[in-house]
Amino acid sequence: MHPAASGGAIRFTQVPPDPGAADLAVVLDTTWTPASWPPVPATEARSAAASPGIIGIRDVAERVLSRLDLIAETSAHLDRWAATSGVVEQLTIRDTSFWFYVRLRHWLWLEERILWAAIADAIVREHRPARIVCALGTDDALIDVLRLVTARDGIELDEEQPPEPGPDNAAPAASTAPSRAPKTGFRHSALARLARRVRDRFRGPPPPPPRVVRQQMTAARLVRVHSLVDALAAEPEARLLVVHEHARQRVETPDGPRSMNPYLDPIVDRLRGTSLEPIVLDIRARAGQDAAWERIGAGVDERMLPADALAIDRTPPPDAMLANAGATASATAPVE
């Protein structure tokens with residue numbers, strides 16, 4: 001337990017507030033830098049940026065990181081938990097544990113909270129507040145840590161919430177008046193259908209909504225992916241499947257800069273044109289994601305596949321969508 005609180009309030013916020021908003025404001029924007037001099041004459045009030053009641057989180061983080069080996073501490077905590085929890089054995093299939101595959105994402109989650117915990121503890125130790133306020137936009141990881149810190153030290157925690165919808169945003173009350181002319185509504189509906197038929201005859205049917213267009217596009221891409229899988233599976237030669245996670249970085253090569261996986265792509269390059277012509281499966285790519293679809297060659301590169309290629313269920317979409325998808329796939333497929 002820390003020494004008795006001083007009675008002040010600390011407010012965590014993304015932007016510098018007015019000086020009177022709290023006894024101390026902690027600006028979470030790491031790019032924020034306080035002014036080095038008051039923008040007004042020294043005889044007048046100092047600016048909020050120069051106020052001693054406002055500090056930047058970057059300065060606190062710098063002090064914490066200067067004494068904390070974040071990598072070593074995170075690894076020690078996570079490895080100790082893995083050794084005592086049995087997670088390695090629980091995720092073992094055929095003598096291979098998938099814990100080491102998923103470990104990194106948990107390591108990053110823990111590292112972030114260890115850093116926030118050290119920052120929050122340093123601020124609380126120095127200022128000993130009685131109340132902490134988290135403004136809208138406060139990082140979720142920081143809020144997780146502050147809940148623990150305030151519960152430990154008996155500090156009041158106020159998590160600001162977005163305002164509830166007011167009367168102006170409330171849904172209109174449903175009318176309780178009985179319908180006086182149900183037949184008129186039917187007549188209007190029939191007239192509307194007739195008007196649409198006349199319009200469609202001269203203008204053509206209206207374009208489908210964006211959601212339907214997106215579904216048709218994805219269905220067309222899946223048709224292309226399945227056709228590529230079938231063609232590759234029918235090859236008589238031995239095939240090498242390279243599982244790719246799209247861990248790319250900019251690398252300077254003799255042919256100029258290239259965005260590539262520095263571990264797998266050189267191997268794939270060397271195997272091109274050999275008896276082990278590789279098939280690359282990007283498990284981070286999905287046919288429905290435009291950027292990922294372009295990254296793997298938009299279905300034109302016959303040996304680059306998205307994760308959808310692993311799908312066992314090939315349940316076809318509705319007939320109308322499938323017909324549209326087949327036509328689109330035929331139109332976009334490369335000419336042999």
Side-chain angles (χ1 to χ4, degrees), residues 91 93-94 96 98 100-105 205-251 253 255 257-336:
L91 294 180
I93 303 174
R94 295 181 181 178
T96 299
F98 286 84
F100 302 99
Y101 172 75
V102 300
R103 178 182 181 275
L104 179 60
R105 73 183 65 169
R211 177 179 59 84
V212 175
V213 173
R214 167 60 61 177
Q215 291 174 343
Q216 293 173 345
M217 182 187 306
T218 301
R221 293 173 180 176
L222 290 176
V223 169
R224 176 60 180 161
V225 170
H226 296 158
S227 68
L228 291 177
V229 171
D230 293 339
L232 292 169
E235 291 181 351
E237 301 84 3
R239 295 174 297 276
L240 176 65
L241 181 65
V242 180
V243 179
H244 207 301
E245 281 201 274
H246 185 55
R248 308 176 76 87
Q249 60 190 60
R250 182 182 174 91
V251 177
T253 71
D255 299 325
R258 175 183 172 189
S259 176
M260 61 184 292
N261 184 311
Y263 305 104
L264 289 180
D265 282 346
I267 300 174
V268 173
D269 293 343
R270 294 289 296 273
L271 290 173
R272 296 290 188 196
T274 69
S275 58
L276 280 179
E277 181 73 24
I279 302 168
V280 178
L281 177 71
D282 189 337
I283 61 175
R284 299 279 182 172
R286 295 293 188 276
Q289 300 168 340
D290 292 342
W293 182 247
E294 293 297 327
R295 187 177 74 233
I296 64 170
V300 176
D301 189 335
E302 299 180 352
R303 308 191 80 82
M304 285 285 294
L305 301 173
D308 307 86
L310 297 175
I312 299 176
D313 182 14
R314 292 193 182 184
T315 303
D319 294 340
M321 186 183 300
L322 184 62
N324 191 313
T328 305
S330 299
T332 58
V335 178
E336 302 293 342

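The basis for the numbers below is simple: all heavy atoms, side chains too, and nothing from hydrogens, waters or symmetry mates. Predicted model, so just to flag it, every value in this text is computed and none were measured.
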Heavy-atom side-chain proximity of Asn261 to Val268 below 4.5 angstrom = no

Contact check, side chains of Arg295 and Arg284, non-hydrogen atoms, under 4.5 Å = yes

Roughly how far, to the nearest 0.5 Å, is the CG atom of Leu228 from the CG atom of Asp308?
-> 11.5 Å

Would a 4.5 Å heavy-atom cut-off, applied to side chains only, mark Thr218 and Trp293 as touching?
-> no

Side-chain touch Leu281/Leu241, heavy atoms, less than 4.5 angstrom = yes

Dump the intermediate steps for side-chain contact (heavy atoms from CB on, under 4.5 Å) on Arg221 and Arg224, then the final yes or no.
-> CA-CA 5 Å; Arg221 293 173 180 176; Arg224 176 60 180 161; 5.5 Å; no

Flag, side chain of Asp282 to backbone of Pro306, donor-acceptor distance under 3.5 Å | no

Measure the CG-CZ distance between Leu91 and Arg103 for me, rounded to the nearest 0.5 Å.
-> 13.5 Å

Could you tell me whether a side-chain N or O of Arg250 sits under 3.5 Å from a main-chain N or O of Ser259, the two making a donor and an acceptor?
-> no

Measure the shortest side-chain to side-chain distance between Pro262 and Gln249 over non-hydrogen atoms and say whether it is less than 4.5 angstrom.
-> yes

Salt-bridged, Asp265 to Arg270, with N to O below 4.0 Å?
-> no

Between Ala307 and Arg286, the two heavy atoms sitting closest are CB-NH1, 2.8 Å

Identify the heavy atoms of Gly288 and Arg214 that sit nearest to each other, and give their distance.
-> O-NH1, 3.3 Å

side-chain contact (heavy atoms from CB on, under 4.5 Å) with Arg303: which residues, sequence neighbours excluded?
-> Leu232, Glu235, Arg272, Glu277, Ile279, Asp301

